[in-house]
Student: 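Mind having a look at this structure? Questions to follow.
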Amino acid sequence: MRFGTTLIPTLKENPVEARVESHRLMLRAGLIRQLGAGIYTWLPLGLRVLRRVEAIVREEMDAAGAQEILMPAVQPAELWQESGRWQMYGPELLRFKDRGGREFCFGPTHEEVVTDLVRRELRSYRDLPANFYQIQTKFRDEIRPRFGIMRGREFLMKDAYSFDLDEEGLEQSYRTMVATYNRIFERCGLRYRAVEADTGAIGGAFSHEFHVLADSGEDVIASCEGCGYAANLEKAEGLATPGTLDVPREVGPLRKVATPGRKTMEEVAEFLGCPLTGMVKSLVVEGTQGAFQLLLRGDHELNLVKAAHALGMDGVALVDPERAAELAGVGVGSMGPVGGRLPVLADSALATLSGFVSGANEEGYHFVDGVWGRDCPMPRFVDLRNVVAGDQCLRCRAAPLRLDRGIEVGHVFKLGDKYTRALKVTVQDADGKERTPIMGCYGIGVSRIVAAAIEQNHDELGIIWPVALAPFAVELLVVNPREEASMQVARSVEQGLRQGGIEVLMDDRDERLGVKFKDADLLGLPWRAVIGGRSLKEGAVEIQRRGQPDKERIALDQVVAVLLARVRSLDGITRVNIHR
RNA sequence: CGGGGUGUAGCGCAGUCUGGUAGCGCAUCGGCUUUGGGAGCCGAGGGCCGGAGGUUCAAAUCCUCUCACCCCGACCA
């Protein structure tokens, strides 16, 4: 492909609206253009990357025995009413009517459609297991789209749905998908981590997320360097590092001390000379089952997902200070477990505390030397907090947890019979009895992978594509395209590489050299070959790996062979063909 | 949804407070020079000032309404 005749509108300046590197670079390198909030056009170069991700996903899904289909993006409301999600889904679901006034939505996901398909077409246990997937444009009317492609409203997703007769079958399907996902992200050349995840409202037993590691990631994931345990922050459990009061000791009687004007944990800790780890923090949450006072160690953070689970609610929210004061009968800076009026739940890390400091449920006072069971009823201790770096791993108890930031690019989970039951799907088993199949569902954010790959692979000059995803493996940079001799060399190298199965981008623009170099750095193709100028005079072509400082001169008759070998060996990754 | 902000040439912005009929840099087009890291000089083209209504002799500028987009906080591939 020729640079000069392709729409690659690179930008010299940084777009003001882009806050993360991937968004900036995708705009600057001319991969995408914004049409509306969270809605983007993919330009030729960006589309090629998208197609590469798709191709890898397809190959691996097909190899795993999944069948590709393509379901409608527009879905009738009836199906969603049947599953109950028409009411449940909320404003994120884009709804509209056709000319006849019939209601539809633009699919944010396709459980209903695929389940409907299966109920119509599959009759027998012999039709199972089955796994259908598609690569489809989805739309979710996000509260706040941001970071460009990373959190757009319209996005490209691979979604797959497995159907099995029983739990063992589902387990097998699930394992296959986890293995497939590992291969997919490895082939993409990304540094990623698979982590255990919360199953959310659907409540299935098992769920994993796949995160591309990047400092700018919106999610936090915890992992153990000893045993390999990894989970997202919502789910991760750890053993808190003991504080100074976590040792059995003689504790005097409960004392009430004046702490005028001290509200925050830090203020009280400093005033009383007590470590944060010896303090009990009270937070008020409210949900469908009412309000509760949650207790955490002074240095810990509440995890709302865990709180909801512990309280048996779908979700809970931290209430604002006014509401908290109203519910607890005392201001937020003065609450404590001793003599409070709300039902209490305590974080496990508090169980070993002897002689804690807490609010006295009286404005301007705190209690010192509180003891569970003596000064207040023994609370129920459960995991309520976010782990912090350095907590001990609960699985192996031999190594600390570390925290990293990640971008969620894949999610697999066991759905169970939620949809097959709601839509009354049955197949006959070997005994002729009707059985309800159980489902697994498996998503990959295809377009998000493109952004995540850039987020993970760039420098101050531009993108540094992993070979597997690069829109082209090689850029041929023609120093002076008006020199017929240069162009002849360029064309023959281009042809040689193409015959070797590698597509190239030839920058044949009549631009100043500096412009072409800058654009080459920005686009970030893995190899750059400079044709012309001083090297060509010596019968050579200069090649350079993007991101590496050293340049090599290769004799003209060797260029094609060398580049082919280099591209094929890079990262040990085979590039797949994206066209036809 | 709440809070803040911006819409003026393809991009980035000034002009708005204090009304007088639109400007700068980059990009584009032409010419000359230059040619291994975003060139220099000369010249040119391009703007219903987001939209609608109002005030005024006169509106990018003041008023009202509206639309879009961006940013900051609670949600998710």
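Below, read A as the first sequence line, B as the second, and so on, with proteins coming before strands; counting in each chain starts at 1. Remember, it's a predicted structure, so these values are computed and weren't measured experimentally.
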Student: Would the base of B:G12 count as contacting A:Arg28 through its side chain, where contact means a donor and an acceptor less than 3.5 Å apart?
Tutor: no

Student: Hey, is A:Arg151 close enough to A:Glu142 for a salt bridge, meaning N to O under 4.0 Å?
Tutor: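 The answer is yes: the pair qualifies as a salt bridge.
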
Student: For A:Arg553, which contact category applies under a 4.0 Å heavy-atom criterion: base, sugar-phosphate, or nothing?
Tutor: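 Touches nothing.
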
Student: Tell me: CG of A:Asp510 to P of B:G38, nearest whole Å?
Tutor: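 Going from A:Asp510 (CG) to B:G38 (P), I get 16 Å.
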
Student: For A:Arg566, is there an ion pair with A:Glu552 - N to carboxylate O distance below 4.0 angstrom?
Tutor: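 A:Arg566 and A:Glu552: salt-bridged.
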
Student: Reckon A:Gly532 touches a base, only the sugar-phosphate, or nothing at all at heavy-atom distances under 4.0 Å?
Tutor: base

Student: Enumerate the residues from residues 512-519 of chain A whose closest heavy atom to RNA chain B is under 4.0 Å, giving them by residue number; use none for an empty result.
Tutor: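 Contacting residues: A:Arg512, A:Leu513, A:Gly514, A:Val515, A:Phe517, A:Lys518, A:Asp519.
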
Student: Without placing hydrogens or testing angles, list every side-chain donor-acceptor pair under 3.5 Å for residues 5-17 of chain A, not counting sequence neighbours.
Tutor:
residue : atom : partner  : partner atom : Å
A:Thr6  : OG1  : A:Arg2   : O            : 2.5
A:Thr10 : OG1  : A:Asp519 : OD1          : 3.1
A:Thr10 : OG1  : A:Asp519 : OD2          : 3.3

Student: Can you list the residues that meet the side chain to side chain donor-acceptor pair (under 3.5 Å) rule with A:Asp116, with sequence neighbours excluded?
Tutor: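 Partners of A:Asp116 by the side chain to side chain donor-acceptor pair (under 3.5 Å) criterion, ordered by chain and then number, come out as A:Arg119, A:Arg120.
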
Student: Rounding to a whole Å, what distance do you find between A:Asn14:CG and B:G38:C1'?
Tutor: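 Interatomic distance, CG of A:Asn14 to C1' of B:G38: 14 Å.
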
Student: Write down the distance between CZ (A:Arg24) and P (B:G12), rounded to a whole number of angstrom.
Tutor: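 Going from CZ in A:Arg24 over to P in B:G12 covers 14 Å.
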
Student: Measure from CD1 on A:Ile39 to P on B:A68 and round the result to the nearest Å.
Tutor: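 Taking atom P of B:A68 as the reference, CD1 of A:Ile39 is at 11 Å.
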
Student: Any cation-pi pair here, A:Lys414 with A:Tyr174, using under 6.0 Å and within 45°?
Tutor: yes

Student: So does A:Glu538 have more than 12 non-hydrogen atoms from other groups sitting under 6.0 Å from CD?
Tutor: yes

Student: Does NZ or CZ of A:Arg95 come closer than 6.0 Å to the centre of the six-membered ring of A:Trp86, within 45° of the ring's axis?
Tutor: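 Here A:Arg95 passes the 6.0 Å and 45° test against A:Trp86.
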
Student: When you measure from the centre of the six-membered ring of A:Phe472, is the NZ or CZ of A:Arg48 under 6.0 Å away and within 45° of the axis?
Tutor: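 Yes, A:Arg48 lies over the aromatic ring of A:Phe472.
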
Student: Return the value, rounded to whole Å, for the distance between atom CG of A:Leu27 and atom P of B:C70.
Tutor: 11 Å

Student: Check this for me: does any side-chain nitrogen of one of A:Asp219 and A:Arg405 sit under 4.0 Å from a carboxylate oxygen of the other?
Tutor: no

Student: Dump every N/O contact between nucleotides 26-28 of chain B and the protein below 3.5 Å, one line per pair.
Tutor:
none

Student: Over how many whole Å does the gap from A:Leu477 atom CG to B:G38 atom C1' extend?
Tutor: 13 Å

Student: Any N/O pairs under 3.5 Å between the protein and nucleotides 5-10 of chain B? List them or say none.
Tutor:
none

Student: Give a yes or no on whether the backbone of A:Val478 and the side-chain of A:Lys516 come within a donor-acceptor separation of less than 3.5 Å.
Tutor: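 Answer holds: yes.
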
Student: A:Glu542 and A:Ser535: side-chain hydrogen bond (donor to acceptor under 3.5 Å, both in side chains), yes or no, with the steps?
Tutor: CA-CA 7 Å; A:Glu542 185 179 279; A:Ser535 46; 5.0 Å; no

Student: What string of B, S and - do you get for nucleotides 71-77 of chain B, 5' to 3', if B is base contact, S is sugar-phosphate-only contact and - is no contact with any protein heavy atom under 4.0 Å?
Tutor: SBBBBBB

Student: Does A:Asp383 pair with A:Lys306 as a salt bridge, N-O distance under 4.0 Å?
Tutor: yes

Student: Do A:Phe132 and A:Tyr161 have their ring centres less than 6.0 Å from each other?
Tutor: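 No, too far apart.
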
